[in-house]
Amino acid sequence: MDNLTLTRLLSETADLLEISGADSFRVRSYRRAADAAEQSTVDLASLANDPARLLEVPGIGKSMAANIKATVDTGSIPLRDELLAKYSAGILDLLKLPGMGPKTIALLWDAGVFLAPANTTLEPAEAAISSIDQLASAIDAGRLAGLPRMGEKQIEKLRRGIDEFRKSAGRFRIDEAEESAERVIQYLLAFPGIERVTPAGSLRRGRETCGDLDLLVTGPACEPGQTSAAIEYTAAFPGIRDIIAKGENKVSFYLANSLQVDVRLLPSRSYGAALQYFTGSKAHNVTLRQRALKVGYTLSEWALARLDDESVVASETEESIYAALGLDWMPPELRENLGEIDVAAQHKLPRLIEQSDIRGDVHMHTYATDGRNSIREMADAALARGYQYIAITDHSKNLAMTNGLNEERALEHIQHIREIDREMTGQIRVFPGIEVDILGDGELDLPDSVLAQMDVVIASIHTLFNQPREQMTERILRAIENPYVRILGHPTGRLLLRREPFALDLPSILRRAAELGVAVEHNAAPERLDLSDRDLRLAKELGCKISVNTDSHDTRHFDKIRYGIRQLRRAWLTPGDVLNTLGPDEFLAALRPHP
DNA sequence: GCCGTTTTCGGCCCGACTGTTTTCAGTCG
């Protein structure tokens, strides 16, 4: 039972409780426990028989500890099973529909919308329809009309929501969301009277995916009473597919790619409060507001104000709000309620790693294999970025598809790399390297005699990634035992939103890598970002060396480093935690020594 | 269901928008 499963079970229990009309604070405690499981770097299930340690986790009390134990023993939570027996599992999908909350589900449930239709002669495959499908057919059959709060518009909203759900269930990668945001921002800035547009929400916090886009807009056209022109202009953005809502201060719509965008117009005097509020995260804001209450203030998206006479204490900038609460300003990446507020109160926030700290990139390909540029072109592009070193790490022979290097070509390639390195003396170092493939049995596909010539040996899995978990784990553990391996490449193989990560026992791998001094790569490409912020925190806790690289196949790809950096920041990593902040000689010296 | 510098009981974050409810409930972030 991993934390992810536990998180799902706990939050499903919370959803079901809410539908059943349970006490909202009881629901909240299940959600808090789910959050705790999601964020924890320790496998909570492994502590099931150690209640004392479980109870140390904030949000876990006696009942939750018992629930966790039950999940280990039975694979589920008794309360969840009980509720699922009453409702059906598919009912949880309904919560994903816009406008559909627990109360409405309960209403529809009581009205019998989800009872199996009588007299069906459906084949079993067709009979197994989801609650969403049942809802759709209930709408079509007109069975919602006449129910309380179910007017024409409400029903139409549900119908649209179902279409939306079927078209794109899910989140958007941060780079895609960023690109969409940029288009809307450019459009908005063209309006006279709009001065500033700032993305808030998960995009500002640098999460790897975004569910929707929050854009905060300010300027003379956003002052109270003056907003109608700007609202109409916003609603006329040519990329809009459907308007969801249009009010005095807010327009919500779907873009053609189904990304939801919320544009909010704000008076400049509340800009800081709004930015703070809409940046979140929700958990961070809840804790912050509790803190405000304790000192006699109330915090909303409009201002931090005194409770007694409602006078405004701070509102124009985030800094002033945090300062009024005795806190240092916090980078958005830290605002996940993982202790940042306490640390900010002690004025001990770490100096997070920044893109400008990065002095080299040691994973990239050239047209010797599947890259698109030469060694020299890659080196020039890296130099133009201000890097002090790179490593050329083309593929090895097992990846025939990429024209991977065999022994002979690999040795030849090294000579070319060394030539370029000499040519560029005094400008940038170019290290010879290789991305060697880990075979199905954990062996590498090039002999040690070749690897011994390389400064940077990255071992990565490229094939057979569907092997069972134990086998995949064993395979990587064997590979990093090879004394020439200095970096474990894209360790989880995750391709965000396209493929599941490898099935792996990542903690065991990280632990062993730390023992051996093998660095673990954080692949910075947004479609990879293969170590989540939680994985990165674990890697740091275990004392792993971390190398952040772009795996560039093209000179233009170097810029992807920014996504990797944001993920590192979300994991509270400082320059000292990441090898690439070192200079060229120090970087090589920090890697596992050659035998 | 959790938690404690007022509390082992009695609290637990806040406001806007929507649709339909002529005064407010539900959803959302």
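Bear in mind the structure is a predicted one, so any value in this text is a computation, not a measurement. Throughout, a chain's letter reflects where its sequence line sits, starting with A, and its residues are numbered from 1. Just the heavy atoms: all of them, side chains too, but no hydrogens, waters or symmetry mates, feed the values below.
Rounded to whole Å, the distance from CD on A/Gln276 to P on B/dG29 is 18 Å. Rounded to whole Å, the distance from CG on A/Asn249 to P on B/dT18 is 11 Å. In this entry the distance linking CG of A/Asp214 with P of B/dA16 reads 16 Å, nearest Å. Separating the CG atom of A/Leu54 from the P atom of B/dG1 is a distance of 16 Å, rounded to the nearest angstrom. Atom NZ in A/Lys153 sits about 15 Å away from atom P in B/dC17, given to the nearest Å. One atom, CG of A/Leu216, and another, P of B/dG29, lie 15 Å apart when rounded to the nearest Å. Atom CG of A/Leu266 and atom P of B/dA16 are 12 Å apart (whole Å). In this structure, A/Tyr297 atom OH and B/dC14 atom C1' are separated by 19 Å, rounded to whole Å.
As judged by a 4.0 angstrom heavy-atom cut-off over every strand, A/Glu18 is placed among residues making no nucleic acid contact. Counting non-hydrogen atoms under 4.0 angstrom, A/Lys246 reaches the backbone sugars and phosphates but no base.
Applying the Watson-Crick and G-U wobble criteria (two distances, each under 3.5 Å), B/dT8 pairs with nothing in any strand.
Comparing the same atom, C1', in B/dT7 and in B/dC12 gives a spacing of 13 Å after rounding to whole Å. The same atom, C1', is picked in B/dT23 and in B/dT18; the two are 15 Å apart, to the nearest Å. Rounded to whole Å, the separation between the P atoms of B/dT6 and B/dG11 comes to 16 Å. Distance noted for atom P between B/dT20 and B/dC14: 30 Å (whole Å). Taking the P atoms as reference points, B/dT8 lies 29 Å from B/dG15, given to the whole Å.
For A/Tyr233, the ring-ring contact (aromatic ring centres under 6.0 Å, His included) partners are A/Tyr187, A/Phe191, not counting sequence neighbours. Legend: residues meeting side chain to side chain donor-acceptor pair (under 3.5 Å) with A/Ser63, ordered by chain and number and at least two apart, are absent. In this structure, the side chain to side chain contact (heavy atoms under 4.5 Å, CB included) partners of A/Glu12, at least two apart in sequence or on a different chain, are A/Arg8, A/Arg80, A/Leu92.
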What protein N or O atoms touch nucleotides 9-12 of chain B N or O atoms at under 3.5 angstrom, if any, and at what distances?
unit_1 : atom_1 : unit_2  : atom_2 : d
B/dC12 : O3'    : A/Arg28 : NH1    : 3.4

If you restrict it to nitrogen or oxygen atoms, what contacts under 3.5 Å exist between nucleotides 22-28 of chain B and the protein, and what is each distance?
unit_1 : atom_1 : unit_2   : atom_2 : d
B/dG26 : O3'    : A/Thr104 : OG1    : 3.4
B/dT27 : OP1    : A/Gly101 : N      : 2.9
B/dT27 : OP1    : A/Gly101 : O      : 2.9
B/dT27 : OP1    : A/Lys103 : N      : 3.3
B/dT27 : OP1    : A/Thr104 : N      : 2.8
B/dT27 : OP1    : A/Thr104 : OG1    : 2.5
B/dT27 : OP2    : A/Lys103 : N      : 3.3
B/dC28 : OP1    : A/Leu97  : O      : 3.4
B/dC28 : OP1    : A/Gly99  : N      : 2.4
B/dC28 : OP1    : A/Met100 : N      : 3.4

Distances under 3.5 Å only, N/O to N/O: pair up the protein atoms with those of nucleotides 2-4 of chain B.
unit_1 : atom_1 : unit_2  : atom_2 : d
B/dC2  : OP1    : A/Gly61 : N      : 2.7
B/dC2  : OP1    : A/Gly61 : O      : 3.4
B/dC2  : OP1    : A/Met64 : N      : 3.1
B/dC3  : OP1    : A/Gly59 : N      : 2.8

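Take the nearest nucleotide of DNA chain B for A/Arg26 and for A/Asp262: the residue whose nucleotide is more 5' is A/Arg26. Residues A/Trp302 and A/Ile155 both approach DNA chain B. Their nearest nucleotides, taken by heavy-atom distance, put A/Trp302 toward the 5′ side.
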Show the atom names and distances, to 0.1 Å, of all donor-acceptor pairs under 3.5 Å that link a side chain in residues 338-347 of chain A to residues at least two apart or in another chain.
unit_1   : atom_1 : unit_2   : atom_2 : d
A/Glu340 : OE1    : A/Asn337 : N      : 3.2
A/Glu340 : OE1    : A/Leu338 : N      : 2.7
A/Glu340 : OE2    : A/His284 : ND1    : 2.7
A/Glu340 : OE2    : A/Glu336 : N      : 3.2
A/Glu340 : OE2    : A/Asn337 : N      : 2.6
A/His347 : ND1    : A/Asp328 : OD1    : 2.8
A/His347 : ND1    : A/Asp328 : OD2    : 3.1

Listed pairs under 3.5 Å, donor-acceptor, residues 44-60 of chain A side chains, sequence neighbours left out:
unit_1  : atom_1 : unit_2  : atom_2 : d
A/Ser46 : OG     : A/Asp43 : O      : 2.5
A/Asn49 : OD1    : A/Lys69 : NZ     : 3.4

N/O donor to acceptor pairs below 3.5 angstrom from side-chain atoms of residues 148-162 of chain A, sequence neighbours left out:
unit_1   : atom_1 : unit_2   : atom_2 : d
A/Glu156 : OE1    : A/Arg159 : NE     : 3.2
A/Arg159 : NH1    : A/Asp140 : OD1    : 3.2

Show which side-chain atoms of residues 290-298 of chain A pair as donor or acceptor with protein atoms under 3.5 Å away, not counting sequence neighbours.
unit_1   : atom_1 : unit_2   : atom_2 : d
A/Arg291 : NE     : A/Leu325 : O      : 3.0
A/Arg291 : NH2    : A/Leu325 : O      : 3.3

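Between the side chain of A/Tyr277 and the base of B/dG29, at least one donor-acceptor pair of N or O atoms lies under 3.5 Å.
Between A/Ala571 and A/Leu536, the shortest heavy-atom distance links the atoms CB-CB, 3.6 Å.
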Let's go through A/Arg569 and A/Glu333 carefully: what are the C-alpha distance in whole Å and the side-chain angles of both, what is the deciding distance for salt bridge (charged side-chain N to carboxylate O under 4.0 Å, His left out) to 0.1 Å, and is it a yes or a no?
CA-CA 6 Å; A/Arg569 288 168 64 83; A/Glu333 294 93 335; 2.9 Å; yes

Intermediate values then yes/no, salt bridge (charged side-chain N to carboxylate O under 4.0 Å, His left out), A/Arg204 and A/Glu318
CA-CA 14 Å; A/Arg204 182 158 183 251; A/Glu318 281 192 338; 2.8 Å; yes

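Counting only residues at least two apart or on different chains, the salt bridge (charged side-chain N to carboxylate O under 4.0 Å, His left out) pairs with a member in residues 209-234 of chain A are A/Asp214-A/Arg264, A/Glu232-A/Lys246. Within the structure, salt bridge (charged side-chain N to carboxylate O under 4.0 Å, His left out) contacts touching residues 26-35 of chain A (residues at least two apart or in different chains) are A/Asp15-A/Arg31, A/Glu18-A/Arg31.
At distances below 3.5 Å, not a single donor-acceptor pair connects side-chain atoms of A/Tyr30 with backbone N or O atoms of A/Met64.
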